Amino acid sequence: MQRTFAIIKPDAVKKGVSGQILARIEGAGFTVRGMRMIHMSKGEAEGFYHVHSARPFFGGLTDFMSSGPCVVLCLEAPDAIKQWRDLMGATDPAKAEAGTMRKDFGASIDNNATHGSDAPETAAFELGYFFRGMEL
Ligand code: ATP
Ligand code: MG
């Protein structure tokens, strides 16, 4: 078993598709081990996406992530990191395959509905950033 960190981003919460996304997560066989709705401050979003701090889209990305409530999740499944990345689809919804979260619920590369950790080290950092040990 492996755990990964996921976010239902502010655009998806605002559109009212959190329930549909959760149903797909559960339907795909993930166990939800942690779940909370939060509204990140700009600083909290900057800390979360610190690896992108030198990128030109960093300001817009952290404005977006702090623009409204989102749902943070700990998901468990065999090979969860890759399985959730596959279910999310490509970063740019226009390039994502049919049936993926980003194709079906994302509007653009800036408003792409979901986040998923990309490696075991990032999953550990991201889960620890949003959840205390006793919550999981
Ligand atoms: P995430 O980390 O949100 O799950 P990802 O791992 O698919 O997405 P990253 O390269 O980590 O993609 O980029 C983080 C986020 O930054 C993306 O989800 C996207 O919203 C935004 N982003 C990435 N590349 C660009 C770009 N070229 N232009 C605008 N926004 C971008
Ligand atoms: Mg990423």
Side-chain angles (χ1 to χ4, degrees):
M1 278 296 165
Q2 187 179 55
R3 288 179 174 189
T4 191
F5 175 70
I7 303 180
I8 302 174
K9 291 186 178 183
D11 58 327
V13 171
K14 198 171 175 182
K15 269 165 70 178
V17 296
S18 304
Q20 289 182 60
I21 291 174
L22 269 171
R24 290 208 198 177
I25 287 170
E26 292 180 330
F30 292 93
T31 301
V32 177
R33 291 289 180 204
M35 173 163 61
R36 196 168 356 98
M37 179 175 273
I38 61 167
H39 186 154
M40 270 183 251
S41 67
K42 174 83 170 167
E44 287 164 351
E46 287 171 346
F48 172 61
Y49 274 123
H50 73 276
V51 293
H52 295 309
S53 60
R55 309 287 286 277
F57 56 80
F58 185 66
L61 174 62
T62 52
D63 280 346
F64 164 64
M65 291 301 288
S66 58
S67 68
C70 66
V71 178
V72 293
L73 295 156
C74 173
L75 305 181
E76 188 174 83
D79 204 17
I81 294 171
K82 182 179 186 303
Q83 290 308 316
W84 173 234
R85 297 280 297 186
D86 287 351
L87 191 59
M88 285 202 300
T91 307
D92 183 352
K95 295 177 185 155
E97 284 183 44
T100 61
M101 302 294 125
R102 284 162 164 176
K103 184 66 166 189
D104 293 352
F105 302 115
S108 66
I109 195 165
D110 312 286
N111 286 236
N112 59 3
T114 56
H115 162 81
S117 308
D118 58 13
E121 307 73 52
T122 43
F125 165 74
E126 292 172 359
L127 285 169
Y129 193 80
F130 290 106
F131 292 103
R132 288 179 293 150
M134 64 177 279
E135 294 177 285
L136 303 176

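Everything quoted here is computed from the prediction, not taken from an experiment.
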Side chain to side chain contact (heavy atoms under 4.5 Å, CB included) between Leu75 and Ile25, intermediate numbers included: CA-CA 9 Å; Leu75 305 181; Ile25 287 170; 3.8 Å; yes

Within the distance-only criterion (no hydrogens, no angle test), does the side chain of [X] pair as donor or acceptor with the backbone N or O of [Y] below 3.5 angstrom?
X: His52; Y: Phe57; value: no
X: Lys9; Y: Met65; value: no
X: Gln2; Y: Ile81; value: yes
X: Asp11; Y: Ala113; value: yes
X: Arg24; Y: Gly99; value: yes

Taking NZ in Lys103 as the centre, count heavy atoms belonging to other residues, nucleotides or ligands within less than 6.0 Å. Is the count above 12?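 Atom NZ in Lys103 is packed in, count exceeds 12.
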
I'd like to know whether NZ of Lys15 has more than 12 heavy-atom contacts from other residues, nucleotides or ligands below 6.0 angstrom. yes

How close do Arg3 and Leu136 get, heavy atom to heavy atom, and via which atoms?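 Shortest heavy-atom contact: NH1-O, 3.4 Å.
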
Show your working on side chain to side chain contact (heavy atoms under 4.5 Å, CB included) between Thr114 and Ile7 and close with a plain yes or no. CA-CA 5 Å; Thr114 56; Ile7 303 180; over 6 Å; no

Is the shortest side-chain N to carboxylate O distance from [X] to [Y] below 4.0 Å?
X: Asp63; Y: Lys42; result: yes
X: Arg102; Y: Asp92; result: no
X: Asp86; Y: Lys82; result: yes

Would Glu135 and Arg36 count as a salt bridge (charged side-chain N to carboxylate O under 4.0 Å, His left out) if you check the C-alpha gap in whole Å, the side-chain angles of each, and the deciding distance to 0.1 Å? CA-CA 10 Å; Glu135 294 177 285; Arg36 196 168 356 98; 3.3 Å; yes

Side chain to side chain contact (heavy atoms under 4.5 Å, CB included) for Glu76 and Phe30? Distances and angles first, verdict last. CA-CA 5 Å; Glu76 188 174 83; Phe30 292 93; over 6 Å; no

Note, Ile8 side chain near Met101 side chain (heavy atom, < 4.5 Å): no

Determine, step by step, whether Cys70 and Ile38 satisfy the side chain to side chain contact (heavy atoms under 4.5 Å, CB included) criterion, reporting the C-alpha distance in whole Å, the side-chain angles of both residues, the deciding distance to 0.1 Å, and the verdict. CA-CA 6 Å; Cys70 66; Ile38 61 167; 3.8 Å; yes

Relative to each other, are the rings of His115 and Phe48 parallel, tilted or perpendicular (30° and 60° limits)? perpendicular

Do His50 and Phe125 have ring centroids that are under 6.0 Å from one another?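 Yes - the distance between ring centres of Phe125 and His50 falls below the 6.0 Å cut-off.
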
Centroid-to-centroid, Phe130 to Phe5, below 6.0 Å? yes

